[in-house]
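One structure is given here, and the rest of the page talks about it.
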Amino acid sequence: MKQENPRENGTSPRKTERLKKSSPVQTAEKKKAAGDPGKKRRFWNRQRQERVFTMPYMVLSIAGVLFFYILPFAVVIFYALIDNTTNANFVGLENFTKLFSNNAFRLALKNTGLFSVTAVPFAVVLSLGLAVLLEQNLPGKSVFRTIFLSPMIVPAASIILIWQVMFDYNGVINDITSLFGAQPVEWMKSEYGYIVVVLLFLWKNIGYNMIMFMSALAAVPKDIQEVAMLDGCGPAKRFFMIKLRYLASTISYVTIMSLINSFKVFREVYLLTGDYPYDSMYTLQHFMNNTFRNFDYQKLSSAAIILSLIMIVIIGILLWADNRLGRDIEE
């Protein structure tokens, strides 16, 4: 049988080998890898149309942030650097120096920091513990969830009324303690008022935090937990070695939200005690509210800037730690 010579067909041996090796599937894959210019053009046109369509919505959002957040904060910075709103003479950091020499500001800053350091960790740890507990198949756990979430739907005025009835001098708590021979206590006009405010903060925020942690626990990969169980890891070891690492982002988020809420506890304290509460409950919001009533805008602006810087630093540290832990999980 006569063999066909590749050169007689006008093709070289190398070209013949390439033709033999190539197949329709490989050709389609190469075309797909190289990309279809028509599809690329349609893709970019669609992207351009989406940008044009969404731009008006973005402009509205940016304008809202500009006029309601950035510009007012710029005005606050301006007020903090002048002597008064009439002359508007630049004084630099003089207002901040006067502020730190103010006894009321130092007391408010100390109380606010102490409250955040005390109440926020309690809120995070207790809500996480409740979420882990309710993750189990306990009877009536839906009832417990409802109980812990109920403070979120109760109006602030009703909450204050309940706590006044409980912690008044002639309230329920003193009636109960008097059965054991204890003397009545002025809860809201003594050092015990700080404990009452912490309990109020925990009662209001634990439910929301607990739901966040329960959602995060449900998202932990089941296969990893099953492998750990086969390796003989107990519940405690699985929690600290596996679940806690996957909960890092949620812990960071809950901590930030609890920190923000701890600075907003002024509303409840104000409704309970008024403008000038007992020293242990005097917060930065009390100081800023009273300063605003006295029209001392320079002192008020300086306090607002200091509070903002503290929040930015703390939240930045939490986000940095969350980023490091998240990168460790991805690896």
Side-chain angles (χ1 to χ4, degrees), residues 58-121 193-194 197-198 201 252-253 255-271 273-324:
M58 293 297 296
V59 169
L60 292 175
S61 300
I62 294 172
V65 173
L66 179 65
F67 285 105
F68 293 105
Y69 290 95
I70 297 178
L71 288 181
F73 194 73
V75 174
V76 169
I77 295 175
F78 173 73
Y79 281 164
L81 300 176
I82 61 175
D83 55 353
N84 56 65
T85 56
T86 304
N87 299 325
N89 294 321
F90 180 77
V91 294
L93 301 179
E94 182 179 342
N95 291 321
F96 295 93
T97 305
K98 292 180 179 179
L99 186 66
F100 278 101
S101 63
N102 188 291
N103 293 328
F105 175 77
R106 291 203 302 267
L107 175 65
L109 185 64
K110 183 191 74 173
N111 290 340
T112 304
L114 181 62
F115 179 81
S116 299
V117 170
T118 305
V120 172
Y194 175 79
V197 176
V198 171
F201 172 80
S252 177
Y253 171 78
T255 304
I256 291 173
M257 294 303 299
S258 299
L259 181 65
I260 294 173
N261 290 331
S262 71
F263 282 89
K264 293 161 58 178
V265 77
F266 160 74
R267 179 179 61 180
E268 286 76 17
V269 178
Y270 177 79
L271 292 175
T273 59
D275 292 324
Y276 297 96
Y278 194 79
D279 287 350
S280 61
M281 294 182 291
Y282 188 75
T283 64
L284 275 175
Q285 287 79 7
H286 285 94
F287 175 81
M288 296 171 69
N289 188 60
N290 297 334
T291 304
F292 177 77
R293 289 189 174 185
N294 296 328
F295 301 103
D296 194 346
Y297 296 128
Q298 282 64 47
K299 188 186 296 183
L300 174 64
S301 301
S302 303
I305 291 174
I306 292 173
L307 180 60
S308 300
L309 291 176
I310 293 173
M311 293 290 293
I312 289 171
V313 170
I314 296 175
I315 293 175
I317 293 173
L318 292 173
L319 292 177
W320 174 82
D322 177 33
N323 186 36
R324 292 294 299 270

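The backbone N or O of Phe263 lies less than 3.5 Å from a partner atom in the side chain of Gln285, making a donor-acceptor pair. Counting only distance, with no hydrogens or angles, the side chain of Asn261 and the backbone of Met257 share a donor-acceptor pair below 3.5 Å. The backbone N or O of Leu259 lies less than 3.5 Å from a partner atom in the side chain of Ser262, making a donor-acceptor pair. No side-chain donor-acceptor contact under 3.5 Å links Asn102 to the backbone of Lys98. Proximity of a side-chain donor or acceptor of Asn111 to a complementary backbone N or O of Tyr282 within less than 3.5 Å is detected. In terms of modelled atom types and a separation under 3.5 Å, the side chain of Asn95 and the main chain of Ala80 share a donor-acceptor contact.
Here the CG-CG distance, from Asn294 to Asn289, works out to 10.0 Å after rounding to the nearest 0.5 Å. One distance of note links CD1 of Ile260 with OG1 of Thr255; it measures 11.0 Å at 0.5 Å rounding. Note: Ser280 OG to Phe115 CZ = 11.5 Å, rounded to the nearest 0.5 Å. Atom CD1 of Ile62 sits about 9.0 Å away from atom CG of Leu66, to the nearest 0.5 Å. From Ile310, atom CD1 reaches atom CD1 of Ile315 across 11.5 Å, with rounding to the nearest 0.5 Å. The CG atom of Leu284 sits 3.5 Å away from atom OG1 of Thr112, with the distance rounded to the nearest 0.5 Å.
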Exercise for the section: Evaluate the criterion side chain to side chain contact (heavy atoms under 4.5 Å, CB included) for residue pair Thr273 and Tyr278; output intermediate values, then yes/no. Expected result: CA-CA 8 Å; Thr273 59; Tyr278 194 79; over 6 Å; no
Practice task
Evaluate the criterion side chain to side chain contact (heavy atoms under 4.5 Å, CB included) for residue pair Phe201 and Val197; output intermediate values, then yes/no.
Solution key: CA-CA 6 Å; Phe201 172 80; Val197 176; 5.5 Å; no
Problem - side chain to side chain contact (heavy atoms under 4.5 Å, CB included) between Leu99 and Phe287, worked out - result: CA-CA 11 Å; Leu99 186 66; Phe287 175 81; 3.7 Å; yes
Exercise for the section: Start with the C-alpha gap between Phe73 and Ser308, add the side-chain angles, then the distance that decides, and say whether side chain to side chain contact (heavy atoms under 4.5 Å, CB included) holds. Expected result: CA-CA 10 Å; Phe73 194 73; Ser308 300; 3.7 Å; yes
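Side-chain atoms of Asp83 and Gln298, non-hydrogen and from C-beta on, never get closer than 4.5 Å to each other. Leu307 places a side-chain heavy atom less than 4.5 Å from the side chain of Met288. Considering only heavy atoms from C-beta on, Asn103 stays 4.5 Å or farther from Leu107 through its side chain. Residues Leu71 and Val75 have side chains not in contact (no heavy-atom distance under 4.5 Å, counting atoms from C-beta outward).
Aromatic ring pairs are classed by plane angle as parallel below 30°, tilted from 30° to 60° and perpendicular above 60°; the pair His286 and Tyr270 is tilted.
For residues 61-79, the set of pairs meeting the side-chain hydrogen bond (donor to acceptor under 3.5 Å, both in side chains) definition, not counting sequence neighbours, is empty.
Crowding of Phe68 atom CZ: a count of heavy atoms from other residues, nucleotides or ligands under 6.0 Å not exceeding 12. Atom CZ of Phe292 is surrounded by 12 or fewer heavy atoms from other residues, nucleotides or ligands within 6.0 Å.
Qualifying side-chain contact (heavy atoms from CB on, under 4.5 Å) partners for Leu114, counting only residues two or more places apart in sequence or in other chains: Thr118, Tyr194.
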